[in-house]
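Presented below is the structure to which this report refers.
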Amino acid sequence: MTRDKFSCGALRAADADKMVELCGWINRRRDHGGLIFVDLRDHEGVTQIVFDPGHPSFAQAEHLRNEDVLRVRGTVRTRPAGTENPRLATGDVEVAIDELEILNRSLVPPFQVNADEDVDENLRLEYRYLDLRRPRMQENIRLRHRIIKAMRDFCDERGFVEIETPMLIKSTPEGARDYLVPSRLYPGSFYALPQSPQMLKQISMIAGFGRYMQIARCMRDEDQRADRQPEFTQLDLEMSFCTQEEVLETMESCMRYVWQTVLGIELPPFARLTHQEAIAKYGLDKPDLRFGLELANVEAVFAGTEFVVFKSAIAGGGSIVALRYPGGAALSRRDFDNLTEMAKQFGGKGMVWISLAPEGMKSSAAKFLTDADVAAVSTAVGAEPGDAILLFADTTALAHAVAGKMRNEVGERCRLRDPQCFAFGWVTGFPYLEIDEESGKPAPAHHAFTAPAPGDWALIDRAPMEMRAQHYDLVLNGWELGSGSIRIHKPEEQRRIFEMLGLSADQIEERFGFFVRALEYGAPPHGGMALGIDRIVMIACGEENIREVIAFPKNQGARDLMMDAPSPVPDQLIADLHLRRAPESPSRG
RNA sequence: GGCGCUGUAGCUCAGUUGGUUAGAGCGUCGCCCUGUCACGGCGAAGGUCGUGGGUUCGAGCCCCAUCAGCGUCGCCA
């Protein structure tokens, strides 16, 4: 007899009396002694299977357990009146068993697969296949797929060509630490895994593809964070003959398309702000634009102060930055002490607080504050009675950075960071150079392929720190999604930047010779961008950690707990690669 | 490498001021149950309290060290 196969989410009342076949896992079994229900689950849903007493498979059904894998043949029937389950798409029907085939048994799982209860992450990662079976991860990974598909669809529509770039490439000295792959054929030489396909996508422009895109895997051997994995995925784009504005329009349209088609959300036009504005208003170059609470510079208010903390900051050419804390007058001294401690962890020297309590102003610097000072600062940040004001005095850069981090904290506490809200923003006009803290020398703030702003080449000798870059960041809810730039396409200009980095002509040739040579054969003007897909999906899913949207992530120690990687390898493999094991490292024969 | 938080049953957690035999829910196992869908009822098993040391008459609880996980700073052009 032929039977139609159905998914476990498909059957409806209209399918009654059909002879069907379903496959799936046992989500749950309910044994009533004389009657057994099995909820069969697959990726589409859950269907109730009924084992009536007297049926030959009833005895088998008594020994079924959660996560056993079944093939079920049976007859669809509508449930008896009053026993429908409105919470289940298939809840009007059930399948009366004709034939039960146990395709595989399951051990008792180490945690419950049929629920989204919190489980220790070690265990989740070790048994990732069980974790991925659970509803939360199924939804996240499927949403990830749909987001990536929408990105590809959009790019295809706009004429982008997906080009796969190699995973085994040349190590270049700049940037993050490389993952290295030893060469068997060339003793002592190594490939590097790409930190990004940067030069390859630029070369694709030189090669005349016009518009390149790739869902690109990138590897960086640096320490992990909630938003950083050793390998991660980027939406990588590059366009020829484009202006910065065209790149921004393309990316913004792409993100709008993704949000519209995948999440059903129409995004407003993205905010635009310069790097300078971002620092001034929000303290950070990746501002959370879901809420206001803009910072204010108030050193003018305290120009004549005797308060030594403020006085010395002003005398040193620094800043006093004020932040409004809505409702903050309700905080206790202890709360303010904790905030001050937090400010120190953010790198600040401390924090001054002013509480605009109904019973009167209170402050950690009360004796230095006049009513006029408090009024002026209140006006500057828009504070009202019942609020508090937090003040940070330091070097200009540090005062803003600390205030910016505190602004996010205040936004969090005031529940202004709604995960359902998506506030995209462009940050442009970055400085080309920054002072490298280790060497004390100017270094490109981003990467060495970025073009300076039009006309700013003229500044390179007389005022290099004033050069701005044709560089742009896309931020979302306080996360940096990615960055891009218009690139240098003239070989002599590229050499000039490498020289500024401190590379000799020989070093340029050895490390970047292939790339500069490519520029010499008619490289078109071009630019592009790369966005962190893991972060995008994380935010779209309302998650706070990218491991929740990566099927097989590594832990903070960069280990794969399921595979137990990295792991020692046999001596022969080591020898083939012309490597020698350090004395203290373990071996495995 | 620094700082912070966490570690008690298979899972999620509680455990008072240091004081008798370390508890609960879920899960597991057994028995009962013909309309449940987080089925229900009765019963049972299950613990080096992360590890090691110390203080104490007595440590899950206090101290030191250490391991693991997470978060964060450094780092991530």
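Letters A, B, ... are given to chains in the order of the sequence lines, protein chains preceding strands, and every chain is numbered from 1.
- Ring to ring, His32(A) and Phe37(A) are close: their centroids are under 6.0 angstrom apart.
- Rounded to a whole angstrom, the distance from the P atom of G1(B) to that of U66(B) is 11 Å.
- Residue Pro444(A) is in sugar-phosphate contact alone, with no base atom involved, counting any heavy-atom pair closer than 4.0 Å across all strands shown.
- For the P atoms, the distance from U72(B) to C57(B) is 45 Å, rounded to whole Å.
- Base pairing of C75(B): no nucleotide in any strand meets the Watson-Crick or G-U wobble criterion (both distances under 3.5 Å).
- The main-chain N or O of Met167(A) is never found under 3.5 Å from a side-chain atom of Tyr191(A) such that the two would form a donor-acceptor pair.
- Distances from the side chain of Gln556(A) to the nucleotides G71(B), G35(B), C37(B) place G71(B) closest.
- Across the protein-nucleic acid pair, Ile36(A) atom CD1 and C33(B) atom P stand 12 Å apart, rounded to whole Å.
- The nearest whole Å value for the distance from the CG atom in Asp118(A) to the P atom in C26(B) is 18 Å.
- Closest to the side chain of Asn122(A), from the set G74(B), G71(B), A68(B), is A68(B).
- In the model, Asp236(A) has a side-chain atom that pairs as donor or acceptor with a side-chain atom of Tyr212(A) under 3.5 Å.
- Checking the phosphate oxygens (OP1, OP2) of G71(B), a side-chain nitrogen or oxygen of Asn545(A) falls inside 4.0 Å.
- Separating the CG atom of Asn114(A) from the C1' atom of C11(B) is a distance of 12 Å, rounded to the nearest angstrom.
- Rounded to whole Å, atom P of C3(B) lies 12 Å from atom CD of Gln345(A).
- Look at Arg547(A) and you'll find a side-chain N or O under 4.0 angstrom from OP1 or OP2 of G71(B).
- The partner of G4(B), taking Watson-Crick or G-U wobble pairs whose two distances both stay under 3.5 Å, is C70(B).
- For Phe37(A), the listed nucleotide lying nearest its side chain is G35(B); candidates were G10(B), G35(B), C73(B).
- Judged by ring centres under 5.5 Å apart and planes tilted less than 30 degrees, His32(A) fails to stack against the six-membered base ring of U36(B).
- Across all strands shown, G18(B) has no partner, as no Watson-Crick or G-U wobble contact with both distances under 3.5 Å is found.
- Residue-level contact check: Ser196(A) touches the bases, meaning some heavy atom is under 4.0 Å from a base atom.
- Each of A38(B), U12(B), G10(B) was ranked by its minimum atom distance to the side chain of Pro110(A); first place goes to G10(B).
- Nearest to the side chain of Asp223(A), among C76(B), G1(B), U36(B), sits G1(B).
- Gln276(A) and Arg468(A) form no side-chain donor-acceptor contact under 3.5 Å, judged by distance and modelled atom types alone.
- At whole-Å resolution of the value, CG in Asp116(A) and C1' in C26(B) are 15 Å apart.
- Among the nucleotides C76(B), G35(B), U12(B), the one closest to the side chain of Asp120(A) is U12(B).
- Between Arg30(A) and C39(B) there is a side-chain polar atom (N or O) within less than 4.0 angstrom of OP1 or OP2.
- Residues Glu84(A) and Ala176(A) each lie close to RNA chain B; by heavy-atom proximity, the contact nearer the 5' end of the strand is made by Glu84(A).
- Going from the C1' atom of U55(B) to that of G69(B) covers 29 Å, rounded to whole Å.
- The partner of U36(B), taking Watson-Crick or G-U wobble pairs whose two distances both stay under 3.5 Å, does not exist in any strand shown.
- The interatomic distance linking Arg65(A) (CZ) with C29(B) (C1') rounds to 10 Å, in whole Å.
- Residues Glu341(A) and Gln345(A) bring no donor and acceptor atom of their side chains to less than 3.5 Å of each other.
- Side-chain atoms of Arg228(A) and base atoms of C76(B) include a donor and an acceptor less than 3.5 Å apart.
- Side-chain N/O atoms of Asn66(A) and Ser106(A) include no donor and acceptor closer than 3.5 Å.
- When heavy atoms are screened at a 4.0 angstrom cut-off, Gln224(A) is found touching no nucleic acid atom at all.
- Between Glu117(A) and Arg535(A), the residue whose closest nucleotide on RNA chain B is further toward the 5' end is Glu117(A).
- Stacking between Phe111(A) and C11(B) is absent: the aromatic ring centre is not both under 5.5 angstrom from the base six-membered ring centre and within 30 degrees in plane angle.
- In this model, a donor atom of one side chain and an acceptor atom of the other lie less than 3.5 Å apart for Asn140(A) and Glu543(A).
- At whole-Å resolution of the value, CE in Met342(A) and C1' in G71(B) are 12 Å apart.
- Separation of the C1' atoms belonging to C11(B) and G54(B) is 33 Å when rounded to the nearest angstrom.
- When the C1' atom is compared between U17(B) and G53(B), the two are found 25 Å apart, to the nearest whole Å.
- Comparing C70(B), C33(B), G35(B) by their nearest atom to the side chain of Asp31(A) picks out C33(B).
- Thr90(A) places a side-chain N or O within donor-acceptor distance of the main-chain N or O of Val46(A), the cut-off being under 3.5 Å.
- Taking atom CD1 of residue Ile546(A) and atom P of nucleotide U72(B), one finds them 11 Å apart after rounding to whole Å.
- Within 3.5 Å, no donor on the side chain of Arg225(A) pairs with an acceptor on the base of C70(B), nor the reverse.
- At the heavy-atom level, Leu123(A) lies under 4.0 Å from the strands shown only through sugar-phosphate atoms.
- Contact annotation: Gln112(A) does not reach the phosphate of U12(B) (side-chain N/O to OP1 or OP2, under 4.0 Å).
- Taking 4.0 angstrom as the limit, Arg29(A) places none of its side-chain polar atoms (N or O) nearer than this to OP1 or OP2 of C37(B).
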